[in-house]
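Worksheet: one structure, shown below.
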There are 2 protein chains.
Amino acid sequence: MARRRQSVTIKHVAADAGVSLQTVSRVINNEANVRPAMKKRVQESIDRLGYVPSIAAQRMSGSRSYLILALNDRDRTIEDWRAREGRDWVDQMLLGGMLKCAEYGYRLIFELVDTHSDHVQRELRAAIAALQPDGVVLTPPHSDNTLITDVLEEEGIRFARIGSRKNGGHIAITMGDDKLAAMATQHLIDKGHERIGFIAGPDEYAVSGWRKDGWEESMSAAGYEVEGLCVRGDWTYASGEKAARDLLGAADRPTAIIASNDQMALATNAVAHALGMAVPGDISIISFDNSPVTRFVQPALTAVDQPVARTVSTAVELLIKAQRGEDMPEMPVVIPGTLVERQSVSAPRSKG
Amino acid sequence: MARRRQSVTIKHVAADAGVSLQTVSRVINNEANVRPAMKKRVQESIDRLGYVPSIAAQRMSGSRSYLILALNDRDRTIEDWRAREGRDWVDQMLLGGMLKCAEYGYRLIFELVDTHSDHVQRELRAAIAALQPDGVVLTPPHSDNTLITDVLEEEGIRFARIGSRKNGGHIAITMGDDKLAAMATQHLIDKGHERIGFIAGPDEYAVSGWRKDGWEESMSAAGYEVEGLCVRGDWTYASGEKAARDLLGAADRPTAIIASNDQMALATNAVAHALGMAVPGDISIISFDNSPVTRFVQPALTAVDQPVARTVSTAVELLIKAQRGEDMPEMPVVIPGTLVERQSVSAPRSKG
DNA sequence: ATGAAAGCGCTAACAT
DNA sequence: ATGTTAGCGCTTTCAT
């Protein structure tokens, strides 16, 4: 196929408007020092010719690439895609990230990186060299991975960390996990529960700790015991099964369980049924994430919704605005989630 | 933030290896006329310095952009994302497309376009001017939209149409929709059904017609009537409800229904329940697509699985290979789907 | 406020 | 088989 060239370039516009390339460039980039009349004339040529700048050329000449890179964990993402269980984290990221990028004339490039491989750094440097993104959105567990953030700092690329509170010179955004967990716990306490179990996520994820903190906070504020009521999982269904068996097999078992994600909540629900316990009659369940599956399971799960789309959208917007010279927020930004009530919570059975 | 420059460029590698830029370029692009020893020396420098070519520069110099554009319908995609009902078409596209691109050092850019707006062409030209993609993957209903294909032909950009049989000079890939529909119909016939209803998709989608053809083919091969057994929907749940009411409210109603997508099948299931009919006892159902929700509904739906990931993966691979000079397939490529049996099909009740 | 010239990192075309 | 030159489309100096 023939060597493809830009059909309409800045030169064509300049010729059409009878001005220099520079003036056209100034108009494109909305710079100062262009008289309104001149600007109008150039803009008309742009519109008439249907001119759109080549981002390759813009990037080449050392300015912006108009590309935002969204980094996700390769294994977990591919596993979710293959499982086809309706987890829509990626879709929500795209919904928030792509649309916000489009608003500003940027594009979101979704990229997978191996968190645990020893060549994360190489992979990342390669992506940066190839694309020269104007900003990077980091999702857990990348958000606090210093292997990654070190590279980005070295390369001088702005980044936003989702699910992180480390904002030194960078953007940090959380969904208020501790407050959400506290809210979920309080919701159960209000229903009359006193023994509320908690299935935590893996340590590698900062959000795991915050969610646990929130649960503990509400429990101790109410004067309830937490000892022996927390089990750690690793987000997987299997780990949720094991955790649920531990909690529900105990002599003084809880009357409610909060699971740190949907998979583990689903597993808890299944284990309860397997043990002949009614949900929510014998055991109430609240899950985190609120992916589509929470609505399809029996009973539909009460869940803490994570506003992924709004969070990523905000991250992208802050990155773009920072590039335009606006200040980045000093403190971690919180995009709070909400509790979505469904059928997996009721008052505990009155004690015989 | 400081003007960012490539940290390691082809110049550094050339200097390090003591050769000309051109030789490095030849090694990068795996071209002929480089002695093995020289190639090895250059490759070592590349590895040592961690050099990765800038795709912006590669594109600028008139060669490849290493970008493949995947075009989807904006409204439908955003609606799916917002609905959060577990439809994973986009995820399966990414699974197939991104991973295949990565294999060849390309990147997939996922882009939304308004099919029905009068400025599709402007939108598309803008995307092409900005990104200069090496190939475009078209999904229904874009695949047969001449507004879109005309622009691509004008710009000289190779494209692959998914769900299209129009391959004149381009790549066409289907999932064998007619055969799949025929297979689903035959499956019901084998179970003893004679009156099998069909809910078709909108005309705008070529696949709608093929699926209907397959149903008709199996029906007439078995010598069964199709008159009054086909109703057209528009993919939505609401249209499926209406279609199902039409079919199930008739005097001589069908004992089985094939719906052309999951949403309409779900609606059919709900309508059957509302009318006091048992599924599959009174009415068997088969759906198309096999998105996650088919497994979560009661009863789990027998469905025709659409191998979206494999299809997109193939599309991308053919585009890349074509760019490398390999021939494009003359005929439409078929990536056949399969029938996934679940609980929504049984033999019809014996006639009283 | 506008223009001219230099250069970004790379490859195509043409040397040798 | 390797090197040299020109130029892709744009922005950044630096002039005017």
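Reminder, nothing fancy here: chain letters follow the sequence lines and each chain counts from 1.
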Could you state the CD1-P distance from I55(A) to dT11(D), rounded to the nearest angstrom? 12 Å
Those residues at least two apart in sequence (or on a different chain) that pass side-chain hydrogen bond (donor to acceptor under 3.5 Å, both in side chains) with R107(A) are E111(B)
Residues 22-49 of chain B vs ring-ring contact (aromatic ring centres under 6.0 Å, His included), sequence neighbours excluded, gives none
In whole Å, I'd like the distance from the CG atom of N30(B) to the P atom of dT11(C). 13 Å
Which residues pass the ring pair (Phe, Tyr, Trp, His ring centres under 6.0 Å) test with Y66(B), sequence neighbours left out? Y106(B)
Name all residues meeting the side-chain contact (heavy atoms from CB on, under 4.5 Å) criterion together with D47(B); count only those two or more places apart in sequence or in a different chain, and write none if there are none. Q43(B)
Using whole Å, what does the distance between atom P of nucleotide dT12(D) and atom CZ of R64(A) come to? 7 Å
M60(A) has a side chain; which of dC8(C), dC8(D), dC10(D) sits nearest to it? dC8(C)
Between atom CD in Q132(B) and atom C1' in dG9(D), what is the gap in whole Å? 10 Å
Sorted by chain and number, sequence neighbours left out, side-chain hydrogen bond (donor to acceptor under 3.5 Å, both in side chains) with D16(B) holds for S45(B), R48(B)
Atom-to-atom span, CZ of R41(B) to C1' of dA1(D) - whole angstrom: 13 Å
T311(B) side chain to T314(B) side chain, donor-acceptor N/O pair below 3.5 angstrom: no
Can you list everything that forms a side-chain contact (heavy atoms from CB on, under 4.5 Å) with H119(A)? Sequence neighbours excluded, please. S117(A), R122(A), E123(A)
Polar atom pairs (N or O), protein with nucleotides 2-4 of chain D, under 3.5 Å:
| residue | atom | partner | partner atom | Å |
| --- | --- | --- | --- | --- |
| dT2(D) | OP1 | R35(B) | NE | 3.4 |
| dT2(D) | OP2 | R35(B) | N | 2.7 |
| dT2(D) | O4 | R26(B) | NH2 | 3.4 |
| dG3(D) | OP2 | S20(B) | N | 2.9 |
| dG3(D) | OP2 | S20(B) | OG | 2.9 |
| dG3(D) | OP2 | T23(B) | OG1 | 2.6 |
| dG3(D) | O6 | R26(B) | NH2 | 2.9 |

Report, one line per pair, each donor and acceptor closer than 3.5 Å where one atom sits in a side chain of residues 29-36 of chain A; sequence neighbours left out.
| residue | atom | partner | partner atom | Å |
| --- | --- | --- | --- | --- |
| N29(A) | ND2 | S25(A) | O | 2.9 |
| N30(A) | OD1 | K39(A) | NZ | 3.0 |

Would you please confirm or rule out a distance under 4.0 Å between OP1 or OP2 of dC10(D) and any side-chain N or O of Y51(A)? yes
Using a 3.5 Å cut-off on both pairing distances, which stems of three or more Watson-Crick or G-U pairs include DNA chain D? C:1-16 with D:1-16
Salt-bridge present (K100(B), E103(B); N to O < 4.0 Å): yes
Measure CZ/R59(A) against C1'/dC8(D) and give the value in whole Å, please. 15 Å
Taken to the nearest whole Å, CD1/I10(B) to P/dG7(D) is 19 Å
I need the NZ-P distance between K11(B) and dG7(C), as an integer number of Å. 9 Å
